[in-house]
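Here the structure comes first, spelled out in structure tokens, and everything after it is commentary.
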Amino acid sequence: MSSHANRVVYRTCPLCEATCGLEITVNPANEVVRIRGDQNDVFSKGFICPKGSSLKQLHEDPDRLRMPMVKRDGKHVEVSWDEAWQVVRNGIARVINTHGRDALATYTGNPNAHNLSSMLYTGNVIRAAGTRNRFSAATVDQMPMHVAAGYMFGLPVNIPVPDLDHTDYLLIVGANPYASNGSLCTAPDFPGRIEAIRARGGKVVVVDPRRTRTAQEADEWLAIRPGTDGLLLAAIAHVLYEENLATVGDHLQEHVNGFDELHIALEPFSPDAVTEATGISASTIRTLARELAGAPTAAVYGRIGANVVEFGTTQAWLVFVLNTLTGNLDRRGGGMFALPAAGGANTRGSSRAAVVTNDPAKVRKGKGFSIGRGETRVRKLPEVMGEYPVAAMAEEILTPGDGQVKALITLAGNPVVSTPNAHQLDSALASLEFMVSVDMYLNETTRHADVILPPPSQLQRDHFDVLLMQFAVRNVANYSTAPLPLDEGQPDEWEVLAKLAGILQSLDVEVDPQHVDDGILMSLITKATEMQGSPLFGRDPSAIFAEVNSTGVRGPARRLDVMLQTGPYGAGFGTDPDGLSLQTLLDNPHGVDLGPLQPRLFDILRTESGKVEMAHPILVNDLRRLARTIDAPRDQLLLVGRRHLKTNNSWMHNIRVLTKGNVSCTLQMNPIDAARAGLQTGALAKVTSRVGEVVVPVEVTDDIRQGAVSLPHGWGHNVEGTQMRVAAEKAGVNSNVLSDHESIDPLSGTSVLNAIPVRVSAISA
Ligand SMILES: Nc1nc2c(c(=O)[nH]1)N[C@H]1C(S)=C(S)[C@@H](COP(=O)(O)OP(=O)(O)OC[C@H]3O[C@@H](n4cnc5c(=O)[nH]c(N)nc54)[C@H](O)[C@@H]3O)O[C@H]1N2
Ligand SMILES: Nc1nc2c(c(=O)[nH]1)N[C@H]1C(S)=C(S)[C@@H](COP(=O)(O)OP(=O)(O)OC[C@H]3O[C@@H](n4cnc5c(=O)[nH]c(N)nc54)[C@H](O)[C@@H]3O)O[C@H]1N2
Ligand code: SF4
Ligand SMILES: [Mo]
């Protein structure tokens, strides 16, 4: 190829969980000429959404930070990397030396999950900070799924995903994959996979207070009252028992605990009892139960609408329970567990022979799952998976006393827009002694940072979905090289993170990220050589280090090579010549297909009993709390969220191609509720909750049930001191001004971001 020709690069899209393969054409001046779906991608087969092609505009966005910013006299100015690191070192040293390490807090946001550097190095930063005050977006997102999976299957990553490509019946509860493209269910072209279910004669039912695009495309839409899914799910399970339809299937008969206890605990939840609360008729509930039990295969899938609510964990568990009680757990077409090529927390460091037997006699009993190793200082909320609920972050900063948080490190997060009681957190961040953010924008959160350290753009880095493949509907491995080079003098994100980790540990500004990384790699290899079942067991760590180092690859790709080689499909540094290594993936730029999901429950169960715990006491106990909501008063409007296909949480509104047109922040309201409040489409409404108030234009629509109103999250860009000019033009309002930091799912600490009681009134324009 002559140097005047365009080149084509294949890169997995890192913007959402769908992991679509992109075909990116780049000209000799290193400008992106075109982005389209990669027809040959083994997983996405050409599918792309409008966000995928906007990676070009994201890369070229003049507001995207290319140089570090330091706050001087209240204003952010560009500085050199050396200068920025000096400020970071001094700020961190001052806080640690004055107040101790617990005065530091960390917050890690969603894009870390889509970023190879972050997936591998963020943990090093957090550990190096040495603080117990760790927060993340998990407690405004999927934490209920982890906790439920932990109690039921022994490990928080043991989350069953609906086997979309083989199921005959899909019940979707509080998810809208036509907009979100799926979550904890990695499935490029989720919509196409739903359509395929129907095309092969299957059925799709959607439970959502809004008639979403997903609901429109389904066979049936059930307009549930927000926050009451637990009652519905429990009632479906109740019917399964009552009508003798409940069976875990022959494959699990001997391997579950709690089948009868669960039956008893579900007693209060008859269809008749929950009809009024849920707004779903008893006959519909009975039909749902019979259909789920009667379908050749069926899967129940619940997400944000079922998770970030008062009963998030119990509902996540009930979703798993329904998959189990209909005989569909760990069975083709039901709820299954992926086997990722790298980074699987239930396969770590073990070769295929060691992890793929699915022999019930070889179940590795575990310690079980628990929470509460420590509690927050102010509200005494328990630790969950090594972190605290982000709903408690503001009070930990604002409440004086021993152990008060004085400094914050945010890594790819925008908590001021994404977490509850936004105004409270905003003022908390303004009161910090020191804050550093690794982020590519000067936005609502990072405007409080003393230093912002920008990563390169999404097109300037390599990629592999370490996390998302643990929740994929098909086993696939795909590594992409960086389509575009780094800018002159620009460090890669892993170097930024490794250096930050080094500074946090040693308080020495001179740390060399390469040196830090060598240490990390060596310890990774050493661990593998000490682990029975690993292909590296008993081998010489230095020899392996030398071998992986000889490829010339550095940073996350070098670590990934070790993870792949020691993973369940791995080459094991010579033990399996047909196995996977980084080189295999380099040779296959469209990905390597590892096949459909296979039953593997017995390989991953880590409960103390070695059985599936259908009725963990903590969850069964929570059914009592749930039962008390059957007769709860139902006079208030309940606010729910929504996502739009062209937005991505809070941070892509600066991309004009995405926000032009009808993408906007409105309050959706049913005609009856609107008429009652004297509101029409376009009129301004005041929405008030216990903690806050916003004024927002109304959109009257039949596509939302009575009693529910909906605002998308991620907006509210009209604040001082940011640098997102396009976003500011169409600012919208921050829906988390309304969400209440005191309102959480007590089992997981997850914030209640749906079914928030609000008042809506007309205001004169
Ligand atoms: N009301 C309501 N609130 C919600 C939700 C809801 O449904 N309703 N959803 C919740 C969910 S599911 C989530 S995941 C959270 C998200 O919460 P957050 O993760 O806190 O917020 P994001 O909007 O994803 O912001 C991501 C930040 O990372 C930066 N960024 C983007 N890419 C990169 C990168 O590659 N490297 C670095 N260093 N920075 C990067 C962006 O500039 C932005 O500042 O929001 C939650 N908040
Ligand atoms: N385009 C786009 N894609 C995204 C994102 C984005 O911001 N934009 N964010 C990504 C992230 S971080 C995540 S976690 C995923 C989330 O993926 P999804 O879970 O599919 O998220 P949503 O599209 O918000 O769908 C949640 C649905 O729950 C409904 N709902 C609200 N309250 C209730 C309730 O009480 N009961 C029931 N049954 N339903 C309820 C809402 O009306 C909404 O339709 O999406 C990811 N993909
Ligand atoms: S669906 Fe998700 S992964 Fe696919 S192109 Fe759109 S944003 Fe990217
Ligand atoms: Mo999320």
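Numbers for residues simply follow the sequence, beginning at 1. Each ligand, and each atom within it, is numbered from 1 in the order the structure gives. Just so you know, these numbers come straight off a predicted model, no measurement behind them.
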Discussion item. Under a 4.0 angstrom heavy-atom cut-off, which atoms of ligand 2 come close to Asp229?
Written reply: 34 (C), 35 (O), 36 (N), 37 (C), 38 (N)
Worksheet entry | NZ/NE/NH1/NH2 to OD/OE distance under 4.0 Å, Lys499 and Glu495 | no
Worksheet item: When the ring planes of His717 and His653 are compared, do they come out parallel, tilted or perpendicular, using 30° and 60° as the limits?
Response: perpendicular
Worksheet item: At what distance, to the nearest 0.5 angstrom, does NZ of Lys730 lie from OG1 of Thr659?
Response: 5.5 Å
Practice prompt. Select all protein residues for which some heavy-atom-to-ligand 1 distance is less than 4.0 Å, and list them by chain and number.
Written response: Tyr107, Gly109, Asn110, Pro111, Asn115, Ala137, Val140, Asp141, Ile304, Ala412, Gly413, Asn414, Pro415, Ser418, Val438, Asp439, Met440, Tyr441, Asn443, Pro455, Gln458, Arg461, Glu493, Arg643, Asn649, Ser650, Trp651, His713, Ser735, Asn736, Leu753
Fill in: Check: Thr446 side chain, Tyr441 main-chain N or O, donor-acceptor pair, under 3.5 Å
yes
Discussion item. Can you name the atoms of ligand 2, numbered from 1 with element, that are less than 4.0 Å from a heavy atom of His644?
Written reply: 1 (N), 2 (C), 8 (N)
Worksheet item: For ligand 2, is there an N or O atom under 3.5 Å from any N or O atom of Leu645?
Response: yes
Worksheet item: Does the side chain of Asp740 come under 3.5 Å of the side chain of Ser743 through a donor N or O and an acceptor N or O?
Response: no
Discussion item. Test your reading of the structure: does Pro226 have an N or O sitting under 3.5 Å from an N or O of ligand 2?
Written reply: no
Worksheet item: Which is it for Val466 and Leu116 under the side chain to side chain contact (heavy atoms under 4.5 Å, CB included) test, yes or no, and what are the steps along the way?
Response: CA-CA 7 Å; Val466 176; Leu116 180 59; 3.6 Å; yes
Fill in: Atom indices of ligand 2, in the order listed, that fall short of 4.0 Å to a heavy atom of Gly227
34 (C), 35 (O)
Fill in: Val207 N/O under 3.5 Å from ligand 2 N/O
yes
Fill in: Under 4.0 Å to a heavy atom of Pro209 - the qualifying atoms of ligand 2, by number
30 (N), 33 (C), 37 (C), 39 (N), 40 (C)
Worksheet item: Is Lys51 near ligand 2, meaning one of its heavy atoms is under 4.0 Å from it?
Response: yes
Item to complete: Give, for atom CG of Leu184 and atom CD1 of Ile304, the distance between the pair rounded to the nearest 0.5 Å.
Response: 8.5 Å
Worksheet item: Looking only at atom types and distance, does a side-chain atom of Arg225 sit under 3.5 Å from a main-chain N or O of Glu276, one as donor and one as acceptor?
Response: yes
Worksheet item: Among all residues two or more places apart in sequence or in another chain, which pass the salt bridge (charged side-chain N to carboxylate O under 4.0 Å, His left out) test with Glu493?
Response: Arg461
Fill in: Contact check: Thr228 vs ligand 2, nitrogen or oxygen atoms, below 3.5 angstrom
no
Fill in: Ser480 side chain vs Asp462 backbone, donor-acceptor pair below 3.5 Å
no
Item to complete: Consider ligand 2: state whether an atom of it lies below 4.0 angstrom from any non-hydrogen atom of Ala179.
Response: yes
Worksheet item: Are any of the heavy atoms in Thr212 under 4.0 Å away from ligand 2?
Response: yes
Worksheet item: Got a salt bridge between Asp61 and Arg66, using NZ or NE/NH1/NH2 to carboxylate O under 4.0 Å?
Response: no
